[in-house]
Asker: 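Mind looking over this structure? Questions follow.
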Number of protein chains: 2
Amino acid sequence: MSSIRYAVLSLLAREPLSGYDIKQYMNNRIGPFWKVGSNQVYPELAKLEEEGLVKLQGVEQLTYRPARKLYEITDAGREALVLWTLEPGGAENVRDDFLLKAYNSWLVEPEKMKAQIAEIKKQHEKKLAVYQAKVEELAAQLDPSDRSDPLASSISVVEFGVEYERLYIAWCERLMKKL
Amino acid sequence: MSSIRYAVLSLLAREPLSGYDIKQYMNNRIGPFWKVGSNQVYPELAKLEEEGLVKLQGVEQLTYRPARKLYEITDAGREALVLWTLEPGGAENVRDDFLLKAYNSWLVEPEKMKAQIAEIKKQHEKKLAVYQAKVEELAAQLDPSDRSDPLASSISVVEFGVEYERLYIAWCERLMKKL
DNA sequence: AGCATCATGTAACTTGTTACATGATTGT
DNA sequence: ACAATCATGTAACAAGTTACATGATGCT
């Protein structure tokens with residue numbers, strides 16, 4: 001299963017990157033649908049290289065900095081990624097702590113619960129704004145004549161984020177009204 | 001963080017249950033927003049008992065079966081649960097493998113991708129049906145005169161599930177059209 | 001005969017999170 | 001002076017998954 005392996009390949013399929021870049025991208029760019037730590041990225045890159053799915057393109061060495069190791073995907077890597085993308089997989093569940101908290105609304109004073117809901121609503125509004133900006137940014141760069149522009153896929157994914165946050169916010173509002 | 005601890009308490013706050021029940025409830029009833037294995041439930045119950053948040057209410061022993069240990073929440077447990085519910089917490093991210101697969105749409109043949117999308121769309125439709133049935137079932141039992149009926153909270157959570165699945169399905173449809 | 005359910009639990013393994021370590025540069 | 005950023009990586013821990021073990025009943 002280990003999906004970071006494929007998350008790494010997904011990014012490298014678009015452009016060569018360093019481990020550091022990959023980490024940054026995952027924590028901002030893809031969604032944020034994934035958060036990873038360096039401890040996952042670097043060992044995974046090493047494994048992928050060993051397996052020939054990825055290879056070192058070059059090392060950028062500035063004297064005052066650690067070497068920046070740029071990786072690129074190989075044909076085998078791209079193949080593995082396509083295979084995984086088409087692999088059947090089950091629908092996943094949500095698993096959000098706040099839903100569990102909402103499940104306990106009946107136990108707490110309505111006023112306190114409302115404050116709690118308002119707070120996470122605010123956070124989702126922030127996320128929504130980020131995703132919306134990202135969609136616009138990507139849409140501006142998109143080449144509509146290109147049938148297989150990676151950007152189109154990126155946009156779809158971020159749009160999911162936009163819709164998800166909208167749903168979340170609307171749900172929070174309804175929750176508050178009910179209390 | 002360890003949210004199963006609170007998931008266990010959330011269920012026990014409503015009615016006494018055995019470890020087995022808790023496992024079943026989590027995998028069907030709450031959402032399915034959580035899936036847990038027995039390896040998580042039983043040790044957690046033991047820990048909670050040690051800490052006095054939960055206590056053994058009784059043991060139901062049929063000769064031909066393992067003893068069924070019924071647990072109930074204590075006052076301390078209820079208090080800890082309320083505290084956690086009101087604790088501030090950040091908005092979480094989605095983390096769904098299929099989104100990552102969608103991110104790679106541009107790499108694969110549109111026809112194959114469409115089949116893939118259709119498949120997981122079907123799965124989400126199944127989930128939607130389950131959640132909808134659950135909402136109706138709960139709504140029928142709800143006592144509208146009771147201002148703090150736990151069922152109201154349950155319904156809100158499952159409604160989130162309904163809306164989420166609808167969003168997912170609509171998104172899949174749009175994805176397919178774009179390819 | 002074989003599998004699912006009830007009911008407890010343990011063991012082994014894979015993931016994910018948090019924190020640490022190094023060390024120059026750039027911004028406040 | 002102090003924190004953040006770049007850039008690699010390791011270590012320790014927490015959480016989640018899969019499989020196993022027991023053993024009777026009941027269904028196909």
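In what follows, chains are A, B, ... by sequence order, proteins preceding strands, each numbered from 1.
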Asker: Can you give me the closest heavy-atom contact between B:G52 and B:A76, atom names plus distance?
Answerer: O-CB, 3.8 Å

Asker: May I have the distance from B:K69 (atom NZ) to C:dA7 (atom P), rounded to whole angstrom?
Answerer: 14 Å

Asker: How about A:Q40 and A:M26: do any of their side-chain heavy atoms sit closer than 4.5 Å?
Answerer: no

Asker: Any side-chain donor-acceptor pair under 3.5 Å between A:E87 and A:Y6?
Answerer: no

Asker: Is the shortest distance from a Lys or Arg side-chain nitrogen in B:E111 or B:K114 to a carboxylate oxygen in the other one below 4.0 Å?
Answerer: yes

Asker: For A:E163, what residues pass the side chain to side chain donor-acceptor pair (under 3.5 Å) criterion, not counting sequence neighbours?
Answerer: B:R174

Asker: Roughly how many Å is it from CE in B:M26 to P in C:dA7, rounded to a whole number?
Answerer: 17 Å

Asker: Applying side chain to side chain donor-acceptor pair (under 3.5 Å), can you list everything that pairs with A:E173, at least two apart in sequence or on another chain?
Answerer: A:K121

Asker: What does the list of N/O pairs under 3.5 Å between the protein and nucleotides 20-27 of chain C look like, with a distance for each?
Answerer:
unit_1, atom_1, unit_2, atom_2, d
C:dA24, O4', A:Y64, O, 3.4

Asker: Please tell me if B:Y20 has a side-chain N or O lying less than 4.0 Å from either OP1 or OP2 of C:dT8.
Answerer: no

Asker: Between B:K178 and A:E159 (salt bridge meaning N to carboxylate O under 4.0 Å), is one present in this structure?
Answerer: yes

Asker: More 5' along DNA chain C: B:N39 or B:S18, using each one's nearest nucleotide?
Answerer: B:S18

Asker: Contacts to DNA chain D from residues 40-57 of chain B, heavy-atom cutoff under 4.0 Å, which residues?
Answerer: B:Q40

Asker: Does one hydrophobic cluster hold both B:L70 and B:V54, with members joined at side-chain heavy-atom distances below 4.5 Å?
Answerer: no

Asker: Does a side-chain N or O of A:K23 approach OP1 or OP2 of D:dT8 to a distance below 4.0 Å, or not?
Answerer: no

Asker: Check the distance between C:dA7's P and B:Q24's CD and give it to me in whole angstrom.
Answerer: 9 Å

Asker: Specify the angle, to 10°, made by the local axes at the two ends of the helix from C:dA1-D:dT28 to C:dT28-D:dA1 when five pairs are taken at each end.
Answerer: 40°

Asker: Hydrophobic side-chain clustering at under 4.5 Å (ILVMFWY, transitive links): who's grouped with B:Y42? Put none if nobody.
Answerer: B:Y20

Asker: Would you mind reporting whether B:Y71 and B:L56 have side-chain heavy atoms less than 4.5 Å apart?
Answerer: yes

Asker: Could you check if a side-chain atom of B:Y103 sits within less than 4.5 angstrom of a side-chain atom of A:R14, using non-hydrogen atoms only?
Answerer: yes

Asker: In whole angstrom, what separates B:R68's CZ from C:dA7's P?
Answerer: 5 Å

Asker: Can you measure B:L17 atom CG to C:dA7 atom P for me and round it to whole angstrom units?
Answerer: 12 Å

Asker: Starting at atom CG of A:D21, determine the distance to atom P of D:dT5, rounded to an integer number of angstrom.
Answerer: 15 Å

Asker: If I take atom OH in residue A:Y25 and atom P in nucleotide D:dC6, what distance separates them, rounded to the nearest angstrom?
Answerer: 12 Å

Asker: Does one side chain, of B:E119 or B:Q123, offer a donor that lies under 3.5 Å from an acceptor on the other?
Answerer: yes

Asker: Nearest whole Å is fine: how far is C:dG16 C1' from A:R5 CZ?
Answerer: 17 Å

Asker: At under 4.0 Å, does any side-chain N or O of B:R95 touch on OP1 or OP2 of C:dG16?
Answerer: yes

